[in-house]
Asks: 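Pasting a structure below so you can have a look.
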Amino acid sequence: MARSYSDTELLAVLLSREVRDGETSACGALSMIPAAALLLARAHHAPSAEVIILGSPAFFPFPTSRQFHYLAQRGDLDLFFVSGVQIDRRANYNLHQIGGERDRPQIRFPGGYGGGMIYYVARRSIIFRTEHTRRTFVEQVDFISAKGSTPPETLRLGAPSKVITPMATLRINRDTKLLDLESVHAPHTPWDVAANTGFELVAADGRPAESAPATPPPTEDELKLLRGSVRETMITTGTYADWAEAHLGGGRQD
Amino acid sequence: MFAMIQAGSMGVPYVPVIGLVGSNVLDNRDDMIIQPDPFDPSHSSVVARAYRPDVALLHGLKADRHGNVFLGRESDDVLLAEASRLVIVTVESIVDRLDDAEMMRALPSILVDTIVETTYGAHPAGCPGAYPADAGHMARYLEAARDDASFHDYLRETVIEVPNHDAYVESFVPAEWKNSLATAHRSESGRPA
């Protein structure tokens, strides 16, 4: 059955559901989908959420990013959205390099830009990724930019909670510290997720991955807000305006 | 890095950093180690050596004849200037005196060693308050950066074989910018009209 929303819109809606009213939530550089999600949460269920969108003149309350880092380091950042080129079953992510040797990689990426710190101090971090494939979801990342879990004596204020892709939501199991399959987004099946994930998955309750439930799809209300007031806000405030115009609304599939 | 520069700006020898534990970022760094908190030995974190560069090179919007620099934006460059032993600043223009509002946010002359008037000195990156990044040139740079040979060609053409800054501006700064710099200085968007 054809869906009435794009992968981008699906991700924005699913990320927005993680934003809680009254908390402070943020996203970093080149984070168009989380930016839309933060604004959707405010319009939909979290009117008093404090949102910080790096690079947006309207939603970045500091003169430089340093003040944002220090806010997070003080423990005042409840939720952060981050992405990675590779993500492994221990919720380590890689934003540095792929392949080759350590000193001579095949591809080098810009690195963490402070993400290696935020991942340890945001109370919850959610990894988003627009691609769910075996090259992205690997047994072990080529380079650990930030670690999903650390020994108990490590000074750390928070930890990753979920990974959200166009295919599924994975959740960190608090006991095993590994990613479990929380739910699967229609029209995909748990078998699709397994076929496109480079490590073994079990459902959140320890049962086989096949028993993972379907993710509640975006509601009419969520999509209407996303395509209406959220899109409008992004355009008028210069918050990834060109992206919002091209990717939200119009029933565009991508 | 912020923290290391901030520690350098404060003149203290090291700074605790939350994060990075267990990452490969620490593999080749002898300036970052994991140490227990001296006040609470049950917790450990990274401790990083303060960063005191010998030289900082910064670019700002304008400077005055007294050596004060208005960067054109709030910037952590101030911390870098404080941390560094020698500070060289290129600016779009030199004026007689920064106005009061500019002085409020200025890099004061006591932190600055040398000022060089270098119009379009940030190109192909942008200079807030004057011009945005040159997207066409940046795309070319990214393409050239794919391998050593093409990057060397790029360097030869844009740096090694360019006799001076005027020749660089002549060859590489978009012609349509040059007529509008005076107005762009006053535009809020930072884009040439």
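Computed from a predicted model, the values in this text were never measured in an experiment. Chain letters run A, B, ... following the sequence lines, proteins first and then strands; every chain starts at 1.
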Asks: Is any side-chain heavy atom of A:Q73 closer than 4.5 Å to one of B:F2?
Replies: no
Asks: Report yes if the side chains of B:S44 and A:T154 come closer than 4.5 Å at any heavy-atom pair, otherwise no.
Replies: no
Asks: What part of B:L79 gets closer than 4.5 Å to chain A, counting heavy atoms only: side chain, backbone, both or neither?
Replies: side chain
Asks: Does A:Y119 reach the main-chain N or O of B:L20 with its side chain, forming a donor-acceptor pair under 3.5 Å?
Replies: no
Asks: With rounding to the nearest 0.5 angstrom, report the CZ to OG distance, A:F143 to B:S23.
Replies: 6.5 Å
Asks: To the nearest 0.5 angstrom, please state how far the NE2 atom of A:H69 sits from the CG atom of B:D76.
Replies: 9.0 Å
Asks: Are any of the side-chain heavy atoms of B:N24 and A:R102 separated by less than 4.5 Å?
Replies: yes
Asks: Pick one of side chain, backbone, both or neither for B:D27, based on which atoms fall under 4.5 Å of a heavy atom in chain A.
Replies: side chain
Asks: Give a yes or no on whether A:R124 atom CZ has more than 12 heavy-atom contacts from other residues, nucleotides or ligands under 6.0 Å away.
Replies: yes
Asks: In this structure, are over 12 heavy atoms from other groups packed under 6.0 Å from A:E50 atom CD?
Replies: no
Asks: A side-chain contact here means heavy atoms from C-beta on lying under 4.5 Å apart; do A:R66 and B:Q6 qualify?
Replies: yes
Asks: Is it the case that atom CD in B:E170 sees more than 12 heavy atoms from other parts of the structure closer than 6.0 Å?
Replies: no
Asks: Around atom CZ of A:R134, are there more than 12 heavy atoms from other residues, nucleotides or ligands closer than 6.0 Å?
Replies: yes
Asks: Mark yes when over 12 heavy atoms from residues, nucleotides or ligands other than A:Q140 sit less than 6.0 Å from its CD; otherwise mark no.
Replies: no
Asks: How close do A:K147 and B:G22 get, heavy atom to heavy atom, and via which atoms?
Replies: CD-O, 3.2 Å
Asks: For A:L155 versus B:I18, what's the shortest heavy-atom pair and its separation?
Replies: O-CG2, 3.5 Å
Asks: If you count heavy atoms of other groups shown closer than 6.0 angstrom to CD1 of B:I160, is the number above 12?
Replies: yes
Asks: Verify the neighbour count for atom OH of B:Y14: are there more than 12 heavy atoms of other residues, nucleotides or ligands below 6.0 Å?
Replies: no
Asks: Which atoms of A:Y70 come close to chain B, meaning under 4.5 Å heavy atom to heavy atom: side chain ones, backbone ones, both, or neither?
Replies: side chain
Asks: Got more than 12 heavy atoms from elsewhere within 6.0 Å of OH, B:Y141?
Replies: no
Asks: Counting only non-hydrogen atoms closer than 4.5 Å, does B:S42 touch chain A with its backbone (N, CA, C, O), its side chain (CB onward), both, or neither?
Replies: backbone
